[in-house]
Amino acid sequence: MSTIDEKRECPILKELLKHLKSESKGGISLCLERIKNEPKCYKQFAKDGGLGILVNLLRFHNLKILNMTLSILANACMTSDARQKVRGSKIAAHVVSIIKHIKLGNTLQCRACRLIGNLSECNWHARSLCQVGAIQALVDLLQLDTNMQTYLMGVRAIRNIWTMYEGSREEIIESEIIFRITGLLVMAKEKLETDAKYIELVETCLKALCAFLVTLNPRVAEQVQGEKYLQGYKCIIQCCERNNKIAVKCLFNLCQIAECRPILGNSGVIESLIAIIIKNHPGLSKETLASLCLLCREAVNRARIRLGSGLELMLSLLQDPEYEKYHPMLLHALVQFIYDNPSIVIMMRHGLLDVLVSRLQKMVTEAVANEETHVSKKRGNDSSPTRQTQLKYNKTNLGRFSSDYYRDDWSPGSATSVSSSPPSTPPLPFYDSIENDENAEDNYSPVCSDTEIMDNEDEEVESLKSCKSVTIDVEECQNSENSSRSNCCDAWTLILLSQLSHWKDPIERLADRTTIEALSSYIKHAKNPKASRILTRIIRNRAYLLPLLKQGFVFEAQTLYDSEQYTRQLCTLAQTCEVIDQLTSILRRGDEAHKLVIAISIPFLIKDGDDLKSLLDDYGGLALIFRVLSDQEHNLHENAIWSICRLANTLQIQPEIIDKCQVTDTVSTDFPRVYDSHPKPAMVTFELDDGTTVDACRHTLCQKSDVFSAMLEGNFSESGKKRVKLRNTSKEALDTLLLVTYGGTFENRTIESLLDAALLADKFLMPKMLDILTENSVSKLNYKNINRAWNWARANSCHELKSYCVKHFLTATMTKSERIQAFHDFSINESFREFLNDARAIINNVLLDNSY
């Protein structure tokens, strides 16, 4: 017993070396068993540098010793530390030699494949293995009929070498081992129906194929097709139907290869994907949905998607906020159908417009937020415009088969076919960097012992060119998680909406208030020319004119940038006999709400005098406008103010030039100019009715006015006096008159003081002063004082000025808010009704006269 304990205490490395020296196979086997089965013993053995001894044992001509050596090294090389310790040795050459020369079916081949697989977890070893012919050795092995465990280890070894050493990939592809692995998958899938143990081989083959397909190499995809009848593709699809995540990733990678997508469509993948998405709706896989979206890029596949209810499915997901993170890829997929009219009809029937309006509303919110938070940043951005994300699309040939082939591939669909391919779009982004989680390693061999078990216009719609020429910044769309993806999503939304706007036949609800308000708001805040062109096309369609007018779009159009463009389009359609008859019918028999909005819209739309007279006078349009003007609580009140002013401009109403502000009872001008020899004081003080006094230069007044000359220097009682009383004169008016008499400026004078001074100038026969004051009074009229001037003219019976003020209000250049403020000032006056009557009389006179 003591002898056995002493042996156990003896360092295992020394003992193994002793047995190697004596060539004792039994001793070597006992040492290897201890190293394999006793963790402490192995740890000390590895620490003492014993792994190099094991590498040399790989040349030992004894199957039992070789078997245990392979098992120990394979277990050891699961760790990077052990792989580092055997680096620089001839382990690669030895293990490849074992595969080449050991008899088929021996477990040593499986253990050797496992060791290669574990070594290949390191790039250096993977390269070394390739250099000594490991790939060809594995290829030859997997081509033979061997046991399943050898297949498992061999497939895994090839996969690890491919993954860790890029230099191996060309040799692996040329060897067609991928084709063989596909065959193993097909075989294992068939046997799995009756024998559950083949699940491991299915999983291992799928992991390998997924690793090969990550490179998106068409040559790899060609081998994955299988031996005949696309068995490989069909097998992957069947695995996807069983919710195999690795198979789903394989399919996603295949769908990213343009050459594969038509073939996949022929394999039944579209019908399967639609069924999978419907079945797994609550736990939808991102790769599954992305695969379906990628398949939308070919004409032949789009036809299958349309016939298989795929469009309805995508639209249902777009309307579900739970799947909002998938909405960008879904929108991009729908963009592929823009030239497929039957598909557009299906999409419209199943809520496309609702989706687009919802997107527009979100785009408005984002645009408003961007205006508020990024204005200064935009102004300070000195980067080149070419570096910014652009969403340009160039015109292209409609005959392209797939939208991301790099060459000019022929399309089987004609440009007029309902299933013809649209112009190419930018490469579809890899939606949120779909992660691969198949890297959980199966490093433990099932043959090491009884317990060892294995474990991806017009100007904008008709143009989406190939990925070489397209100017959209795809990298930004992929890498900038928020802004760029949002920009792409906005672009796709506008492309779809633009396609709807091109339809000549009316589309239900395209011109509804909800749609137009969202589009108008987006134009207002984002200033996107593509959105403007969409709105212009909607306006051009005669079928949408009345719905637009009934919702009051003509008023909204005035608030948009380049509003004259929209108004001009509306006018072109409105000034036709057909539309005039429709407007007449609404004014005569329409709903009250429609009557009012149409009446207020007419001045913006109609320019012809006869039509204006007919609609506004004969059919009561003008009366309706003034009814709304008199009701300040009406929701159309502000638009009515805008409308009546637009009408005045259309009628070419212009304020007449006022020669002077003159009251009806002027004083006599027959004053004798009598002078005596008595000296007169240089200054005269005027005493006013309120007791205030104003000093003035006697000589200047006498020079400027015959009245003052007679009063102050003639035979009147006031002549020669220092103080003279003036009746019915205000201090502010007299000061203003004296100021202009002395040649001073009066920018800060109120409109009332100027007008009062003008009356005094007329009263005291000062024509030059009267002209100056009248001219300045008129020039100072604005939205703040127009109502005060009108009230002054009314109180002082200046009818000419009163009319001038009304016409000035109707035709002067003002902003909408200024005009509304001016009207409000009139409305709070007790004489508001008189003001409205004046305005209506002025308009009626010109409208009925029809001479403008």
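Count residues from 1 along the sequence. Computed from a predicted model, the values in this text were never measured in an experiment.
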Any donor-acceptor N/O pair, S827 side chain to H824 backbone, under 3.5 Å
yes

Looking at the rings of F832 and F823, which for Trp means the six-membered one, are their centres under 6.0 Å apart?
yes

What distance separates L549 CG from F604 CZ, expressed to the nearest 0.5 Å?
12.0 Å

For T536 and Q565, does a side-chain donor sit closer than 3.5 Å to a side-chain acceptor?
yes

At their closest point, which heavy atom of R819 faces which heavy atom of A812, and how far apart are they?
NH2-O, 2.6 Å

Would you say that K595 contacts L624 through its side chain, given a criterion of any heavy-atom pair below 4.5 Å between the two side chains?
yes

Please find the pair of heavy atoms, one from R646 and one from K607, that lie closest to each other, and give the distance.
NH1-NZ, 4.2 Å

Show the numbers, then the answer: is there a side-chain contact (heavy atoms from CB on, under 4.5 Å) between L616 and L647?
CA-CA 10 Å; L616 295 180; L647 177 60; 3.7 Å; yes

Chi angles and distances behind the side-chain hydrogen bond (donor to acceptor under 3.5 Å, both in side chains) call for R794, S831:
CA-CA 9 Å; R794 176 178 172 274; S831 303; 3.2 Å; yes

Which distance, rounded to the nearest 0.5 Å, do you find between the CD1 of I820 and the CE of M814?
11.5 Å

Indicate yes or no for a side-chain donor-acceptor contact from T559 to the backbone of E556 under 3.5 Å, with no hydrogens or angles considered.
yes

Quick check: does any side chain N or O of N796 sit under 3.5 Å from a backbone N or O of W792, one acting as donor and the other as acceptor?
yes

Would you check if there is a donor-acceptor pair between the side chains of N829 and N787 at a distance under 3.5 Å?
no

Check whether the side chains of R537 and S498 place a donor and an acceptor atom closer than 3.5 Å, and report yes or no.
yes

With a 4.0 Å cut-off, would you call R509 and D354 a salt bridge?
yes

Looking at L770, is its backbone amide N or carbonyl O close enough to the side chain of T774 to form a donor-acceptor pair, meaning the two atoms are under 3.5 Å apart?
yes

Backbone of T750 reached by a side-chain donor or acceptor of S753 within 3.5 Å
yes

If you look at every heavy atom in A574 and L605, which pair is closest and at what distance?
CB-CB, 3.9 Å

Q821-D825 side chain donor-acceptor pair, cut-off 3.5 Å
yes

Heavy-atom distance under 4.5 Å between the side chains of F553 and L535, does that happen here?
yes

Look at K802 together with E834 and state whether they make a salt bridge at an N to O cut-off of under 4.0 Å.
yes

Does some side-chain heavy atom of V579 sit less than 4.5 Å from a side-chain heavy atom of R542?
yes

What is the distance from atom NZ of K527 to atom NE2 of H525, rounded to the nearest 0.5 Å?
8.0 Å

At their closest point, which heavy atom of V364 faces which heavy atom of A518, and how far apart are they?
CG2-O, 3.5 Å

Thinking salt bridges, do E517 and K524 make one under a 4.0 Å N-O criterion?
no

Any side-chain heavy-atom pair from T811 and C645 closer than 4.5 angstrom?
no

Evaluate I495 against K530 for side-chain contact (heavy atoms from CB on, under 4.5 Å), listing each step before the verdict.
CA-CA 9 Å; I495 288 171; K530 294 183 177 65; over 6 Å; no

dist L615:CG -> I602:CD1 (nearest 0.5 Å) comes out at 4.5 Å

Going by heavy atoms in the side chains, are L510 and W503 under 4.5 Å from each other?
no

Give a yes or no answer on whether the side chain of D591 reaches the backbone of A593 with a donor-acceptor pair at less than 3.5 Å.
no

Side-chain donor or acceptor of N541 paired with backbone N/O of K504 under 3.5 Å
yes

Can you name the closest pair of heavy atoms from I751 and L781 and give their distance?
CD1-CD2, 4.1 Å

Pair R568 + E564: basic N to acidic O under 4.0 Å:
no

Check whether any side-chain heavy atom of L496 sits under 4.5 Å from a side-chain heavy atom of L500, and report yes or no.
no

With a 3.5 Å distance limit and no angle check, can you tell me whether Q551 reaches the backbone of P547 through a side-chain donor-acceptor pair?
yes

Between D581 (side chain) and T584 (backbone), is there a donor-acceptor pair under 3.5 Å?
no

Rounded to the nearest 0.5 Å, the CD atom of E366 sits from the CG atom of N487 at a distance of 9.0 Å

Hey, what do you get for CG (L622) to CZ (R840), rounding to the nearest 0.5 Å?
5.5 Å

Do other residues, nucleotides or ligands put more than 12 heavy atoms under 6.0 Å from E592 CD?
yes

What's the shortest heavy-atom distance between A640 and V628, and which atoms?
CB-CG1, 3.7 Å

Measure from the side-chain N and O atoms of D849 to the backbone N and O of N845, and report whether any donor-acceptor pair falls under 3.5 Å.
no

Does the pair N776 and R749 meet the rule for a side-chain contact (heavy atoms from CB on, under 4.5 Å), with working shown?
CA-CA 10 Å; N776 278 274; R749 297 288 170 171; over 6 Å; no

F809/F835 aromatic ring centres below 6.0 Å
yes

